[in-house]
Amino acid sequence: MSKFNHIFKQTEATENCRIYSSDVNIARIDFVSESCVRVAIYKDSSSMLPTFSVNPENSFSENGRGRLETAGFSMFSPVVSENGNTESFELPNGIKIELQKDNFLLTYYKDNAVLFADRAPLAYNFENEFGKEICHYITRLENEKIFGLGDKGGALNKAGRAFRIETTDCMGYDASESDPLYKHVPFYICENAVGTYGIFYDTADTSYFDLGKEINNYYAPYKYFKTEDDALVYYVFFGTKLSVLQQFTKMCGKQAFPPKWSFDYCASTMAYTDAPKSQEKMNEFLDKLNETNLSCRGFYLSSGYTSIGNQRFVFNWNYDKFPDPKQFIDNFSKEGIEIIPNIKPAFLDNHPMYKEIADKGWFVKNPDGSPFVTEFWDGLGSYLDFTNKEAFDFWKEKVTETLLDYGIIATWNDNNEFDIKDSDAVVAGFNGSEIKASRIRPILTYLMVSASYQAQMAKNPKLRPFLSTRSGNIAVRRYAQTWSGDNRTNFADLRYCHYIGLTMSLSGFYFYGHDLGGFHGDMPSRELLLRWIQHGVFEPRLTIHSWNTDGSATMPWSYPDIVPSVQKIFAQRKKLLPYIYNSAYNSVEQEIPMNAPTFLYFDDDKLYEYPDMMMLGKDILVAFVFDEGKKTANVYLPKGSDWYLDDKLINGGTELELDIPAEEAMPYFVRSGSVLPTDEADYGFKTDENLVFTVYPLKEGYFESEFFSDDGGSFDYQNNKCVRLKFKVHCDEKSVSVEFENSGETAIEPNIVLCKGDHRTLIIK
C-alpha cells in the first residue's frame with residue numbers, strides 16, 4: 001500500500017452500521033437517526049478518550065461515554081445499494097450518501113445534487129500525508145454560509161475565516177476578531193445553494209477549522225478540520241438550520257432549566273468586593289435599590305470576597321471585608337436577592353489549603369507526581385484534578401461548607417479554562433489510566449461544573465440549581481448558563497457581542513448574556529450604558545458587571561440623570577418576564593433558542609442583510625442601535641408572518657426605519673398569530689405579578705399558542721404541578737374567538753385581552 005492510495009474493504013455490516021479497514025486504518029459509519037450519520041476514522045490500535053459532549057440519555061457519568069457507543073440513539077436502517085467499489089445509502093428527505101471505498105471518500109447528495117463531499121483524492125490523514133494531525137478536508141461551495149463554533153467573534157457568518165477550538169482566559173478581548181475565546185465547540189451549521197447540513201467533531205483536544213481562508217492550486221475549493229486527537233469521530237446532520245441545531249443539542253443532553261429569579265436583573269461589579277469594607281458597599285447597594293425602586297433578584301459576588309492581601313483564595317472568606325458572611329447573605333435573601341459567589345478551580349501555591357491538597361495528590365500533576373504549577377490570578381498555582389474522585393468530592397464538600405451552608409443557593413464557576421498546554425501535565429483520568437491534561441481541558445471544566453451542581457442538589461434537593469460558567473464544551477449546558485466573558489466598554493464590542501451571543505445560541509448555548517456596559521475599560525458613557533441595557537433586556541441574562549480602569553463600578557445609577565431611563569428599560573424587562581420564562585421552558589423542552597437570528601425561522605434570504613435584529617422566542621422580533629450617536633435602526637420584517645408594532649399590523653416583507661431613542665424602552669414587533677403573556681403590574685423593587693394574555697390575531701385563520709408557568713424554582717413541574725395553558729384562536733373579519741384549556745394541576749383564570757389596534761370582537765369560550 002502506498003500513500004494517497006488506501007483501498008478499504010468492508011469487514012462488518014449490520015442494518016445500521018458499516019465497518020471498513022485498510023491495513024491499520026479503520027473506518028466506521030453509524031446511522032444514528034434518519035437524518036444523522038456518525039463517521040469514525042481511527043487506527044486499529046487506538047484507545048479513544050471518552051466523550052462527555054454526546055449524551056442523548058441526559059445522564060451523568062464521571063467516566064463519560066465511549067465515543068462509538070450507540071445507546072440512546074434511535075438508529076436507522078438506510079436503503080443500501082452497491083456498484084463495484086461504490087456503496088450508497090439512502091435516507092429520508094432526499095438525502096443520499098455515496099461511499100467510494102478507495103481512500104474512503106463520502107459524498108452527500110440532497111435531491112441528487114451534491115450537498116458536500118470529502119475532498120478528493122484524499123480527505124483524511126491516513127499515513128501522515130498532511131502532517132501529524134488528524135484531518136478532515138471537505139468541499140466548499142461558493143457563497144455558503146457557516147454559523148456556530150461556540151463564542152466566536154466577528155460577523156455571524158464564519159465562512160472564509162479560520163479558528164482555533166480551545167479555551168482561553170482572554171480578558172479585554174476584541175469581540176470583532178480575537179480568537180480563541182472561552183468555549184470549545186467544534187460544531188457548525190453550513191447552508192449553501194443545495195441545502196443545509198451540520199457537522200460536530202466529537203473531541204476535547206485542541207482543534208482547528210479553516211472555513212475557506214486557505215486555498216491550494218492542486219485542489220478545488222475546500223475547508224478543513226484538524227485536531228490534536230488521535231482519532232476522528234464526527235456527526236453529520238441533515239435538515240433545516242433549526243432542525244440541524246435541534247438534532248445537535250438533543251444529542252448533547254437537555255439544557256438545565258434555570259430558576260425564574262435568574263431572569264430578572266442580577267447585579268455585579270469587581271469594585272464592591274475589591275473595596276476594603278465590602279459588606280458596607282453591598283448594604284449601600286440595597287439602599288440604592290430601594291431609593292431607585294429597581295427590581296433585582298441576584299448579585300454575582302466577585303472573587304474579592306476571598307482575598308488575602310492582593311490575591312484571591314477560593315473558599316476563603318475575608319472577614320475584614322465581610323465580618324459576618326451569613327448575616328450579609330441573609331440580608332440579601334430577605335430582600336429577595338440571591339448571592340452568586342465566584343469560585344475558581346485553581347489554588348495559589350500560598351493558599352492555606354495548598355499543601356494539604358498537594359499531599360493528597362489532588363492537583364493536576366507533573367510526571368514525577370508533584371503538582372503542576374502555572375500562572376493564575378496574580379501568582380502561581382495548581383488546578384484541581386476533577387478526574388480524581390477524591391478531588392471531585394473535596395470540591396463538593398468545600399462548596400457546601402463555605403458557601404451553601406451559609407444560605408447561598410447558586411454558584412459562579414469562573415476562570416475555568418484550565419489553561420494547561422504543557423504536554424507533560426497529567427490527570428488521574430478515567431478508569432485508572434492517566435491522561436495528558438492538555439487533551440481534556442474542556443472536560444475538566446465540565447467536571448468542575450458538575451461537582452458544583454451536585455453539591456447544590458445535595459444541599460437543596462427540591463430547588464433547581466442555578467450555576468453560571470464562563471468556559472466549557474457543549475456538555476456544560478446540562479448544568480449551567482454562560483456569558484460572553486470579559487468584554488470591553490465600547491460600541492464596537494456592543495455590536496460584536498450581539499453577534500457572539502447569537503453565535504453561542506446557534507451552537508446550543510441558549511441561556512447566555514453579556515457583561516452589560518462592558519467589563520473592562522473606561523466607565524461607559526451614558527449613551528453606551530443605555531444601549532447595552534436595551535440590548536440585555538431581550539437576552540436570557542440581564543447583568544451589569546464591570547472592572548473599570550479607574551476603579552469605578554458600572555451600575556444602573558452610575559449617571560443619576562439617566563436613572564429614569566434605566567427604570568423604563570428595566571420595567572420593560574419585568575413586563576416581559578412571563579414571556580421570557582415561557583421561552584426558557586420551550587428552550588429546555590423543545591430546543592427552541594431563547595434568542596436567534598431571524599433567518600433561523602424564516603426562509604427569506606433578505607434577512608441576512610439585517611444581522612442587527614434578533615428573535616426573542618418565536619414571537620418577538622427586535623432591532624438594535626449599535627452606533628454611537630445614531631437614533632434609528634433599519635428593520636426588515638420577515639415574509640411568512642405579519643407583525644404588530646404598538647398594536648399596528650404591518651405586513652411581512654416590509655422595510656422600515658425605526659426610531660429607537662437611547663433614553664426610552666425598546667420598540668419591538670410581535671408576530672401575528674400569537675398570545676403574549678406579560679406582567680402588567682406597576683414596576684418596582686417589590687411588586688406582585690399581574691399576568692395578562694394579549695392576543696395578536698391573524699387577519700384570518702386559526703392558530704394555537706401555549707403558555708407554561710410554575711413556582712419558578714422547584715422540580716414540581718415535572719409532576720405537572722404547574723400551569724400548561726393551550727390557546728386555540730379562530731380569526732375572521734368580524735371576531736377573534738379564543739378557547740383555552742389548562743392541562744396543568746395549578747389553577748389559573750387567564751385574563752385575556754385583544755391587542756388595542758384590533759377592533760374585532762373578542763369572544764372567550
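Below, all heavy atoms of this structure are taken into account, side chains as well, without hydrogens, waters or symmetry copies. Everything numeric here is computed off the predicted structure, so don't read it as measured data.
- Taking the six-membered ring for Trp and thresholds of 30 and 60 degrees, H545 and W412 have ring planes more than 60 degrees apart, a perpendicular arrangement.
- Side-chain atoms of D419 and Y383 include no donor-acceptor pair closer than 3.5 Å.
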message = One pair to check against side chain to side chain contact (heavy atoms under 4.5 Å, CB included): Y512 and L502. What are the steps and the verdict?
response = CA-CA 9 Å; Y512 73 89; L502 292 179; 4.0 Å; yes
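- Here the closest non-hydrogen pair linking I339 and P341 is O-CD, 3.4 Å.
- Comment: D205 does not engage K436 in a salt bridge, judged by the lack of any side-chain N to carboxylate O separation of less than 4.0 angstrom.
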message = One pair to check against ring-ring contact (aromatic ring centres under 6.0 Å, His included): F225 and Y234. What are the steps and the verdict?
response = CA-CA 11 Å; F225 170 80; Y234 66 93; 8.5 Å; no
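- A salt bridge is absent between D202 and R65; no separation between the charged side-chain nitrogens and carboxylate oxygens falls under 4.0 Å.
- The side-chain contact (heavy atoms from CB on, under 4.5 Å) search around A410 returns W261, I340, F466, not counting sequence neighbours.
- In plain terms, the two heavy atoms of A256 and V588 that are nearest each other are O-CG2, 4.0 Å.
- The backbone N or O of T469 sits less than 3.5 Å from a side-chain atom of T482, completing a donor-acceptor pair.
- Between T306 and F313 the shortest heavy-atom distance is CB-O, 3.1 Å.
- Between Y235 and F237, the two ring planes are parallel [angle under 30°; tilted spans 30° to 60°].
- Cation-pi check for R541 over Y300 is met; the charged atom lies under 6.0 angstrom from the ring centroid and within 45 degrees of its normal.
- Counting only heavy atoms from C-beta outward, the side chains of F386 and P345 approach each other to under 4.5 Å.
- Contacts classified as salt bridge (Lys or Arg N to Asp or Glu O under 4.0 Å) and involving residues 163-178 (residues at least two apart or in different chains) are given here: R164-E166, E166-K421, E166-R441, D169-R470.
- Between the side chain of S587 and the backbone N or O of I592 there is at least one donor-acceptor pair closer than 3.5 Å.
- Side chains of F347 and F315 form a contact here, defined as non-hydrogen atoms less than 4.5 Å apart.
- In this structure, the side-chain contact (heavy atoms from CB on, under 4.5 Å) partners of S370, at least two apart in sequence or on a different chain, are N366, D368.
- Residues satisfying the salt bridge (Lys or Arg N to Asp or Glu O under 4.0 Å) test with E397, not counting sequence neighbours, are none.
- D179 places no side-chain N or O within 3.5 Å of a backbone atom of F163 that could act as its donor or acceptor partner.
- The aromatic rings of F328 and F322 sit tilted, their planes meeting at an angle between 30° and 60°.
- Distance alone, capped at 3.5 Å, places no donor-acceptor pair between the N460 side chain and the P465 backbone.
- Side-chain atoms of D710 come within 3.5 Å of backbone N or O of G712 as a donor-acceptor pair.
- Take W317 and apply the side-chain hydrogen bond (donor to acceptor under 3.5 Å, both in side chains) test, not counting sequence neighbours, and it matches no residue.
- Within the structure, salt bridge (Lys or Arg N to Asp or Glu O under 4.0 Å) contacts touching residues 447-461 (residues at least two apart or in different chains) are D405-K459.
- Summarising the local packing, CG of N310 is surrounded by 12 or fewer heavy atoms from other residues, nucleotides or ligands at distances under 6.0 Å.
- Using a 3.5 Å distance cut-off with no hydrogens or angles, the side chains of K183 and S507 do not pair a donor with an acceptor.
- Contact check for F509 versus V185: side-chain heavy atoms found under the 4.5 Å cut-off.
- At distances below 3.5 Å, not a single donor-acceptor pair connects side-chain atoms of Q255 with backbone N or O atoms of E591.
- Remark: T445 pairs with no residue by the side-chain hydrogen bond (donor to acceptor under 3.5 Å, both in side chains) rule, at least two apart or across chains.
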task = Please step through side chain to side chain contact (heavy atoms under 4.5 Å, CB included) for the pair F60 and S450, ending with a clear verdict.
result = CA-CA 8 Å; F60 174 77; S450 302; 3.6 Å; yes
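- With contacts defined as side-chain heavy-atom distances shorter than 4.5 Å, the pair H514/W532 qualifies.
- Using modelled atom types, no side-chain atom of Y479 and backbone atom of Q454 make a donor-acceptor pair closer than 3.5 Å.
- Note on ring orientation: taking the six-membered ring where Trp is involved, the planes of F394 and W362 are tilted (angle from 30° to 60°).
- Electrostatic pairing of K254 and E589 counts as a salt bridge here, judged by a charged N lying under 4.0 Å from a carboxylate O.
- Partners of D349 according to the side-chain contact (heavy atoms from CB on, under 4.5 Å) rule, which considers only residues two or more places apart in sequence or in another chain, are Y354, L380.
- Legend: residues meeting side-chain hydrogen bond (donor to acceptor under 3.5 Å, both in side chains) with E62, ordered by chain and number and at least two apart, are absent.
- Nearest heavy-atom pair, F73 versus V32, reported as atom, atom and distance to 0.1 Å: CB-O, 3.6 Å.
- At distances below 3.5 Å, at least one donor-acceptor pair connects side-chain atoms of R464 with backbone N or O atoms of P258.
- Residues V314 and H351 have side chains in contact (heavy-atom distance under 4.5 Å, counting atoms from C-beta outward).
- Once rounded to the nearest 0.5 Å, the distance linking OG of S303 with CH2 of W377 reads 4.5 Å.
- Remark: side-chain polar atoms of H136 are not paired, donor with acceptor, to backbone N or O of L232 under 3.5 angstrom.
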message = Determine whether Q456 and T411 satisfy the following criterion, side chain to side chain donor-acceptor pair (under 3.5 Å), listing intermediate values before the conclusion.
response = CA-CA 9 Å; Q456 290 171 234; T411 57; 2.6 Å; yes
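- Using a 4.0 Å cut-off between a side-chain N of Lys or Arg and a carboxylate O of Asp or Glu, R67 and D229 qualify as a salt bridge.
- At a cut-off of 3.5 Å, with distance as the only test, a side-chain donor of R478 or Y446 sits close to an acceptor on the other residue.
- Residue pairs that meet the side-chain hydrogen bond (donor to acceptor under 3.5 Å, both in side chains) test with at least one member in residues 425-435, sequence neighbours left out, are N63-N431.
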Working for side chain to side chain donor-acceptor pair (under 3.5 Å), residues Q590 and Y585 = CA-CA 8 Å; Q590 301 176 33; Y585 176 76; over 6 Å; no
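- Annotation: side-chain contact (heavy atoms from CB on, under 4.5 Å) contacts of T387 (sequence neighbours excluded): D385, V427, A428, F430, I440, L444, L447.
- Not a single donor-acceptor pair under 3.5 Å links the side chain of K158 to the backbone N or O of L149.
- Here E57 pairs with nothing under the salt bridge (Lys or Arg N to Asp or Glu O under 4.0 Å) rule; sequence neighbours left out.
- Of all heavy-atom pairs between C497 and S484, the closest is SG-OG, 4.1 Å.
- Between R312 and D274 there is a salt bridge, since at least one side-chain N of the basic residue sits less than 4.0 Å from a carboxylate O of the acidic one.
- Contact between K326 and Y406 at its shortest, heavy atoms only, is CG-O, 3.8 Å.
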